[in-house]
Amino acid sequence: KLIETYWKKERGALNKRWGYFVSKAVPFLTQLLTLFISEGKIEERHIPGLSKKAREDLQDLGPTFIKLGQMMSVRPDVLPQPTLDELTKLQDSVAPFETEIA
């Protein structure tokens, strides 16, 4: 009952948040797919720019996504070094959030 009451009070908040996530994810994934289709793979020359964009998007999406980026920043078995370097900026170069947001 409490959860139902909360979501009635916060009507539209989840949809707004989901819309914001999609507004970040779709353009980024479209860029990746376009590069992959046009070149057959993601060329090394694109990785620094893509990595920066990914970090900025994670930062814009907030604390949960920043934490995801921080976790991925220590995974050289999964991501290339330029991406690790960019995501490492999420370790100590992120502006603090208001308590309500965090």
Side-chain angles (χ1 to χ4, degrees):
K1 189 74 176 166
L2 287 174
I3 294 172
E4 182 181 343
T5 303
Y6 173 81
W7 283 113
K8 280 184 182 179
K9 182 180 139 195
E10 294 294 323
R11 190 177 310 251
L14 184 59
N15 288 342
K16 182 179 175 183
R17 184 72 178 140
W18 179 247
Y20 189 67
F21 169 78
V22 169
S23 77
K24 295 289 183 177
V26 169
F28 184 78
L29 294 173
T30 301
Q31 184 180 11
L32 286 177
L33 186 59
T34 301
L35 288 170
F36 188 76
I37 290 171
S38 66
E39 299 180 13
K41 65 177 187 170
I42 306 298
E43 297 284 340
E44 292 262 344
R45 62 191 165 95
H46 296 296
I47 291 176
L50 290 168
S51 299
K52 181 178 182 187
K53 179 68 174 141
R55 185 209 22 103
E56 291 170 345
D57 287 349
L58 290 171
Q59 214 166 321
D60 287 346
L61 286 166
T64 302
F65 291 91
I66 289 170
K67 183 55 70 179
L68 176 64
Q70 289 171 340
M71 291 185 312
M72 294 307 295
S73 74
V74 294
R75 295 295 310 266
D77 58 319
V78 177
L79 297 171
Q81 191 60 49
T83 303
L84 297 174
D85 295 342
E86 195 64 43
L87 292 179
T88 297
K89 294 176 183 175
L90 296 174
Q91 300 288 351
D92 54 7
S93 299
V94 177
F97 285 91
E98 300 286 329
T99 303
E100 304 83 48
I101 295 172

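Fair warning: this is a prediction, and the values are worked out from it, not measured in the lab.
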In a table with atom names and distances, give each donor-acceptor pair under 3.5 Å that connects a side chain of residues 23-33 to protein atoms at least two apart or in another chain.
{"unit_1": "S23", "atom_1": "OG", "unit_2": "Y20", "atom_2": "O", "d": "2.7"}
{"unit_1": "K24", "atom_1": "NZ", "unit_2": "D60", "atom_2": "OD2", "d": "2.7"}
{"unit_1": "T30", "atom_1": "OG1", "unit_2": "V26", "atom_2": "O", "d": "2.7"}

> Are L35 and L50 close enough, and set up right, to give a side-chain contact (heavy atoms from CB on, under 4.5 Å), and what steps lead you there?
Replying inline: CA-CA 11 Å; L35 288 170; L50 290 168; 3.9 Å; yes
>> Taking side-chain contact (heavy atoms from CB on, under 4.5 Å) as the definition, give me every residue that meets it alongside E10, ordered by chain and number, with sequence neighbours left out.
In response: Y6, W7, A13
Listed by chain and number, what are the salt bridge (Lys or Arg N to Asp or Glu O under 4.0 Å) partners of [X], not counting sequence neighbours?
X   : value
E44 : none
K8  : E4
R17 : none

> In the single-linkage hydrophobic clustering (I, L, V, M, F, W, Y; side-chain heavy atoms under 4.5 Å), do I47 and L58 co-cluster?
Replying inline: no
>> According to a hydrophobic-cluster definition based on side-chain heavy atoms being under 4.5 Å apart (Ile, Leu, Val, Met, Phe, Trp, Tyr only), do V22 and L14 belong together?
In response: no
>> Distance check, rounded to the nearest 0.5 Å: T83 atom OG1 versus K52 atom NZ?
In response: 14.0 Å
> How long is the gap from CG on D85 to CG on L79, to the nearest 0.5 Å?
Replying inline: 11.0 Å
>> Give me the atom names and distance for the closest heavy-atom approach of L87 to M72.
In response: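 Result for this residue pair: CD1-CB, 4.0 Å.
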> What are the two closest non-hydrogen atoms of I66 and Q59, and how far apart are they?
Replying inline: CG1-CA, 3.8 Å
>> Show, in sequence, the C-alpha distance, side-chain angles and deciding distance for L68 and M71, and conclude whether the side-chain contact (heavy atoms from CB on, under 4.5 Å) test is met.
In response: CA-CA 5 Å; L68 176 64; M71 291 185 312; 4.0 Å; yes
Show the atom names and distances, to 0.1 Å, of all donor-acceptor pairs under 3.5 Å that link a side chain in residues 89-97 to residues at least two apart or in another chain.
{"unit_1": "K89", "atom_1": "NZ", "unit_2": "E86", "atom_2": "OE1", "d": "3.3"}
{"unit_1": "K89", "atom_1": "NZ", "unit_2": "E86", "atom_2": "OE2", "d": "3.3"}
{"unit_1": "Q91", "atom_1": "NE2", "unit_2": "Q70", "atom_2": "O", "d": "3.2"}
{"unit_1": "Q91", "atom_1": "NE2", "unit_2": "S73", "atom_2": "OG", "d": "2.7"}

